Amino acid sequence: MAATAERLRAAGCVFAEDEALLLVEAAETPELLASLVERRSAGLPLEHLLGWAEFAGLRISVGPGVFVPRRRTEFLAARAAALLRPGGVAVDLCCGSGAVGAALLAAVGGAEVHAADIDPVAVDCARRNLDGAGGVHLGDLFDALPERLRGRIDVVAANAPYVPTGAIGTLPPEARDHEPLATLDGGADGLDVQRRVAAAAPGWLRPGGALLIETSTRQAPMTCDIFTRAGLVPQAVEDDELDATAVVGVLP
């Protein structure tokens with residue numbers, strides 16, 4: 001443990017002791033441990049090496065080529081769960097691993113949860129994490145969903161990419177080098193995908209339904225304006241502990 005933590009610390013891992021414990025537990029042989037430590041020291045995401053990420057008290061399967069769910073996104077999932085009634089219909093849009101959808105399934109009994117992503121690798125991963133869900137669909141945003149959901153959805157939660165193109169280079173190497181660019185890059189101001197989601201959402205939400213999108217504190221006023229232009233009534237919400245910001249938009 002001590003030697004593993006020291007190697008990770010030397011490689012710049014901030015939580016070296018915690019990561020060392022997880023890698024030691026995951027490795028069945030000293031040779032495998034050495035390989036895991038070497039790859040982690042080279043910058044591979046810890047979650048890709050372990051094969052899972054912790055999210056909202058769940059172990060979410062992840063792997064190479066799949067966006068790793070962040071702790072801050074637990075706030076988005078919790079706010080979405082608070083708006084979803086038992087038996088209601090929810091969609092995890094831009095789902096990646098399906099972490100938000102899995103959290104909704106765990107939190108709200110009897111909910112019909114769907115997920116959608118444009119990346120087939122992510123969709124395969126989400127199907128493992130959302131076993132028993134209403135469906136995991138491959139396609140571009142709402143176009144991926146079954147037509148029968150139009151006008152019936154209670155809650156749409158979207159962790160759409162919102163990093164401005166010019167800021168991608170400032171991200172940690174494990175994100176910019178090992179996660180798909182399409183899951184990070186939100187265009188010149190970071191809001192391109194948010195605009196598309198908000199514009200289409202009213203056609204899929206039931207009256208009184210809500211769209212929730214993760215964003216940043218700096219971008220939140222712009223995200224609210226996007227929601228207003230789409231016909232939604234927005235509210236920005238924050239969680240200081242998780243350093244998380246989201247905008248909730250209700251369809252009148």
Side-chain angles (χ1 to χ4, degrees), residues 45 47 53-56 58 60-62 65-84 90-107 113-119 121-123 125-126 129-130 133 136-142 144-145 153 155-164 167-168 171-172 175-176 179-187 189-198 200-201 204 210-220 222-224 226-227 234 236-239 242-249:
E47 294 83 1
E54 184 177 352
F55 184 86
L58 305 172
I60 301 297
S61 175
V62 296
V66 177
F67 180 82
V68 176
R70 307 321 198 230
R71 281 289 313 282
R72 72 172 69 90
T73 307
E74 293 180 1
F75 178 59
L76 179 75
R79 295 298 298 230
L83 295 173
L84 182 62
V91 174
D92 177 4
L93 205 62
C94 304
C95 69
S97 65
V100 171
L104 292 176
L105 278 176
V113 177
H114 295 258
D117 201 285
I118 200 169
D119 185 349
V121 177
V123 166
C125 184
N129 289 314
L130 289 170
V136 180
H137 313 283
L138 176 64
D140 186 22
L141 302 180
F142 290 98
L145 300 179
I153 300 173
V155 173
V156 175
N159 184 17
Y162 59 93
V163 180
I168 295 295
L171 295 176
R176 68 173 188 260
E179 292 180 318
L181 182 62
T183 68
L184 305 169
D185 191 343
D189 63 358
L191 305 176
D192 284 357
V193 183
Q194 290 190 11
R195 290 186 180 92
R196 295 181 58 216
V197 172
W204 291 86
L211 168 66
L212 301 90
I213 289 183
E214 181 173 301
T215 192
S216 70
T217 300
R218 179 185 62 81
Q219 293 165 313
M222 293 181 285
T223 303
C224 285
I226 289 168
F227 277 38
V237 291
E238 296 185 346
D239 184 295
L242 292 175
D243 189 25
T245 303
V247 172
V248 181

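Just so you know, these numbers use all the heavy atoms, side chains as well, and skip hydrogens, waters and symmetry mates. The structure presented is a predicted model; accordingly, all values stated were derived computationally and were not measured.
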Just how far is it from atom NE2 of H114 to atom CG of L104, taken to the nearest 0.5 Å?
12.0 Å
Quick check for you: to the nearest 0.5 Å, what is the distance between L93 atom CG and L211 atom CG?
8.5 Å
Within the side chain of D239, is there an N or O that forms a donor-acceptor pair under 3.5 Å with the backbone of A244?
no
Indicate the atoms forming the closest heavy-atom contact of G96 with A126, along with that distance.
O-CB, 3.6 Å
Using the side chain to side chain contact (heavy atoms under 4.5 Å, CB included) rule, take V248 and L83 through it: C-alpha gap first, then chi angles, then the decisive distance, then the call.
CA-CA 10 Å; V248 181; L83 295 173; 4.0 Å; yes
Which pair of non-hydrogen atoms, one from P164 and one from D185, has the smallest distance, and what is that distance?
C-OD1, 4.4 Å
Partners of D192 by salt bridge (charged side-chain N to carboxylate O under 4.0 Å, His left out), sequence neighbours excluded?
R195
side-chain contact (heavy atoms from CB on, under 4.5 Å) involving R79 - partner list, sequence neighbours excluded
F75, L212, V237
Looking only at side-chain N and O atoms, does Q194 offer a donor or acceptor that is under 3.5 Å from a partner on Y162?
no
In this structure, which one of V123, T183, D140, L141 forms a side-chain contact (heavy atoms from CB on, under 4.5 Å) with I118?
D140
T245: side-chain hydrogen bond (donor to acceptor under 3.5 Å, both in side chains) partners, not counting sequence neighbours
T217
Would you mind reporting whether I226 and V247 have side-chain heavy atoms less than 4.5 Å apart?
no
For a quick test of reading the model, state the closest non-hydrogen atom pair linking F227 to A198 and the distance between them.
CD1-CB, 4.1 Å
Value rounded to 0.5 Å, distance of CD in E214 from SG in C94
11.5 Å
Would you please name every residue forming a side-chain contact (heavy atoms from CB on, under 4.5 Å) with A115, sequence neighbours left out?
D92, C95, L130, V136
Assess whether atom CZ of R196 is packed by more than 12 heavy atoms of other residues, nucleotides or ligands within 6.0 Å.
no
Among all residues two or more places apart in sequence or in another chain, which pass the salt bridge (charged side-chain N to carboxylate O under 4.0 Å, His left out) test with E47?
none
Using every non-hydrogen atom in the two residues, find where A116 and L145 come nearest and quote the distance to one decimal.
CB-CD2, 4.1 Å
With sequence neighbours left out, write down each residue that passes salt bridge (charged side-chain N to carboxylate O under 4.0 Å, His left out) with D243, or none if nothing qualifies.
none
Interatomic distance, F67 atom CZ to D117 atom CG [nearest 0.5 angstrom]
11.0 Å
Smallest separation among heavy atoms of V62 and A53, with atom names
CG2-N, 4.1 Å
Return the minimal non-hydrogen interatomic distance between L184 and A175, and the atom names on each side.
CD1-O, 3.7 Å
For the CZ atom of R71 and the CZ atom of F55, what is their distance to the nearest 0.5 Å?
9.5 Å
Between V156 and W204, is the side chain to side chain contact (heavy atoms under 4.5 Å, CB included) condition met? List the steps.
CA-CA 9 Å; V156 175; W204 291 86; 5.7 Å; no
By the definition side-chain contact (heavy atoms from CB on, under 4.5 Å), identify the one residue from L76, N159, T223 that meets it with T215.
T223
